[in-house]
Number of protein chains: 2
Amino acid sequence: MKISTKGRYGTRALLDVALRQNEGLVQLKDIAESQQISLHYLERIVALLVKKGFLTSTRGPAGGVALGRHPADIKISEVISVLEGSMAPVSCVDDPSTCSRAGFCATCDLWGEVKESMEGVLEAVTLQDLVERQQKKLESQPRINTHE
Amino acid sequence: MKISTKGRYGTRALLDVALRQNEGLVQLKDIAESQQISLHYLERIVALLVKKGFLTSTRGPAGGVALGRHPADIKISEVISVLEGSMAPVSCVDDPSTCSRAGFCATCDLWGEVKESMEGVLEAVTLQDLVERQQKKLESQPRINTHE
DNA sequence: CTATTGTTGACCTATTTAATCAAGATTATC
DNA sequence: GATAATCTTGATTAAATAGGTCAACAATAG
Ligand code: FES
Ligand code: FES
């Protein structure tokens with residue numbers, strides 16, 4: 001029941017960009033450094049986020065990425081959905097036709113409830129919420145900084 | 001975010017045994033057949049459940065397994081915990097000391113909430129609940145039977 | 001004793017994850 | 001328009017995990 005690094009790194013990258021919105025374009029190099037992620041791997045992940053419109057990108061010198069939508073309009077559930085796929089713990093939940101037991105399987109009803117519950121949590125939180133939470137954390141621990 | 005076959009098969013196996021409680025010992029062979037799981041692989045999974053006391057086993061002719069605890073006393077969260085390990089979507093949630101970002105990482109607080117939410121769902125459901133749900137399902141669809 | 005049934009450790013294969021690399025496309029700037 | 005910085009893309013790969021198999025073994029009813 002783990003979230004892969006794709007989902008984790010991707011979420012952190014988005015948060016990183018959101019926190020630096022006022023600084024203009026953010027370079028992948030800087031995100032990689034502050035988030036301690038391999039640059040090459042981050043490129044791979046960011047490409048997905050760009051394709052789905054969470055980020056916009058600009059090539060060339062002084063290029064970088066920026067948020068493609070307002071952070072209050074980005075639900076974390078959407079991000080995870082793009083990076084991790086469905087949150088269903090078993091495939092029968094999303095597509096009962098793939099399973100011969102569908103329709104009379106009590107366990108999969110339960111897995112469905114688990115999915116709903118996780119989605120509920122992640123739908124209730126936007127990137128803006130994460131930004132605010134992060135800022136609050138940094139306030140109370142002023143020595144530590146996520147970038148630099 | 002998938003549950004592996006270990007957790008899924010194990011839960012179904014327990015449910016299968018619970019549904020046949022009155023028939024005495026249940027043989028792995030029969031569980032494997034009715035649940036459509038490879039016998040060898042099921043042995044592997046059942047061994048874990050026996051070790052943790054969810055099942056008791058008897059070897060020899062006419063042997064088999066039986067519930068080791070009353071179904072109303074077996075929370076599904078315990079079963080998943082034994083078969084899948086912690087439900088934490090990232091390891092930092094369970095052991096912040098493994099992560100250099102712990103303490104000032106807003107994303108992992110969120111992953112913690114996801115974990116709590118999943119645990120909440122699975123703690124509220126016992127094997128007995130699953131038995132009742134399953135029986136209800138079989139009632140309304142009398143043609144289909146999970147065993148035989 | 002013997003047939004039946006669960007136990008265990010070793011082994012294997014396919015898939016997924018996590019990453020790396022290199023060539024390429026775009027663009028600001030001089 | 002040459003150059004260097006930056007994102008893009010496809011190929012490749014190493015490591016981990018999932019999923020399963022096998023064979024030898026231990027216990028026990030009859
Ligand atoms: S195992 Fe597929 S519906 Fe339950
Ligand atoms: S990444 Fe480890 S605490 Fe957030």
Side-chain angles (χ1 to χ4, degrees), chain A residues 1-14 16-17 23-33 35-68 80 82-86 89-91, chain B residues 1-14 16-17 20 23-33 35-68 80 83-86 89-91:
Chain A
M1 294 301 275
K2 293 283 179 265
I3 294 185
S4 76
T5 50
K6 230 154 65 174
R8 308 206 303 263
Y9 292 177
T11 308
R12 273 163 51 192
L14 277 179
D16 203 339
V17 174
E23 302 172 27
L25 293 182
V26 182
Q27 297 189 354
L28 297 192
K29 189 175 51 180
D30 294 339
I31 301 175
E33 193 182 334
Q35 295 295 326
Q36 305 164 70
I37 302 170
S38 138
L39 174 59
H40 283 305
Y41 192 40
L42 179 65
E43 287 169 342
R44 187 131 299 247
I45 295 166
V46 162
L48 287 170
L49 295 173
V50 169
K51 192 189 298 183
K52 294 293 178 175
F54 294 105
L55 293 173
T56 57
S57 65
T58 310
R59 293 199 259 200
V65 297
L67 286 184
I80 294 301
V82 163
L83 296 173
E84 298 279 320
S86 164
V90 302
S91 57
Chain B
M1 296 298 278
K2 292 283 180 266
I3 294 185
S4 76
T5 49
K6 234 156 58 177
R8 307 205 303 265
Y9 291 177
T11 308
R12 274 163 50 193
L14 277 179
D16 203 337
V17 174
R20 309 200 210 182
E23 302 174 27
L25 293 181
V26 183
Q27 299 191 353
L28 297 191
K29 192 174 51 180
D30 292 339
I31 302 175
E33 193 182 334
Q35 295 296 326
Q36 305 165 68
I37 303 170
S38 140
L39 174 59
H40 283 304
Y41 193 39
L42 179 65
E43 288 170 342
R44 189 127 298 244
I45 295 167
V46 163
L48 288 169
L49 296 173
V50 169
K51 192 189 298 186
K52 295 290 179 177
F54 294 107
L55 292 174
T56 57
S57 65
T58 308
R59 295 199 259 200
V65 298
L67 287 183
I80 294 303
L83 296 173
E84 298 279 319
S86 164
V90 303
S91 56

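Lettering follows sequence order; numbering is per chain, from 1. Below, each value reflects all heavy atoms present in this structure, side chains not excepted, and no hydrogens, waters or symmetry copies.
- Under 4.0 Å is where a charged nitrogen must lie from a carboxylate oxygen, and between B:D16 and B:R20 at least one such pair does.
- The separation between B:I31 atom CD1 and C:dT5 atom P is 13 Å, rounded to whole Å.
- Between B:L48 atom CG and C:dG9 atom P there is a gap of 12 Å when expressed in whole angstrom units.
- Rounded to an integer number of Å, the gap from B:L42 CG to C:dT8 C1' is 15 Å.
- What you find for A:S38 and A:A32 is that their closest heavy atoms are C-CB, 4.5 Å.
- Contact annotation for A:G63: backbone-only contact, meaning every heavy-atom pair under 4.0 Å involves sugar-phosphate atoms and none involves a base.
- Between the CD1 atom of A:I37 and the P atom of C:dA19 there is a distance of 9 Å, given to the nearest Å.
- Just one of B:L55, B:T56, B:L49 meets the side chain to side chain contact (heavy atoms under 4.5 Å, CB included) condition when paired with B:L67; it is B:L55.
- Relative to the side chain of B:Q27, the nucleotides C:dA18, C:dA28, C:dT5 differ in distance, and C:dT5 lies closest.
- If you take CD of B:E43 and P of C:dG9, they are 14 Å apart, rounded to a whole angstrom.
- Under the 4.5 Å side-chain criterion, counting only non-hydrogen atoms from C-beta, A:I31 is not in contact with A:I37.
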Practice task
Please report the C-alpha distance between B:L42 and B:Q35 in whole Å, then the side-chain angles of each, then the deciding distance to 0.1 Å, and finally whether the side-chain contact (heavy atoms from CB on, under 4.5 Å) criterion is met.
Solution key: CA-CA 10 Å; B:L42 179 65; B:Q35 295 296 326; over 6 Å; no
Problem - Worked check of side-chain contact (heavy atoms from CB on, under 4.5 Å) between B:L39 and B:L28 - result: CA-CA 7 Å; B:L39 174 59; B:L28 297 191; 3.7 Å; yes
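- In the set C:dA10, C:dT7, C:dA25, the nucleotide with an atom closest to the side chain of A:R59 is C:dA25.
- In this entry the distance linking CG of A:L39 with P of C:dA19 reads 13 Å, nearest Å.
- Atom C1' of nucleotide C:dT5 and atom NE2 of B:H40 are separated by 13 Å, given to the nearest angstrom.
- With the nearest nucleotide of DNA chain C identified for both A:T5 and A:P61, A:T5 has the one nearer the 5' end.
- For the pair A:S4 and C:dA18, the criterion of a side-chain N or O lying under 4.0 Å from OP1 or OP2 is met.
- Scanning DNA chain D 5' to 3' for nucleotides with an atom closer than 4.0 angstrom to a non-hydrogen atom of chain A gives a first and last hit of D:dA4 to D:dA11.
- Here the side chain of B:V46 is nearest to one of C:dT5, C:dA19, C:dT7, namely C:dT7.
- Counting heavy-atom neighbours within 6.0 Å of B:K2 NZ, excluding the residue itself, gives a total above 12.
- Nearer to the 5' terminus of DNA chain C, by closest-nucleotide assignment, is the contact made by A:K6 (compared with the other of A:K6 and A:G60).
- Between the side chain of B:R44 and the base of C:dG9, at least one donor-acceptor pair of N or O atoms lies under 3.5 Å.
- Atom pair B:Y41:OH and C:dC11:C1' shows a separation of 15 Å (rounding to whole Å applied).
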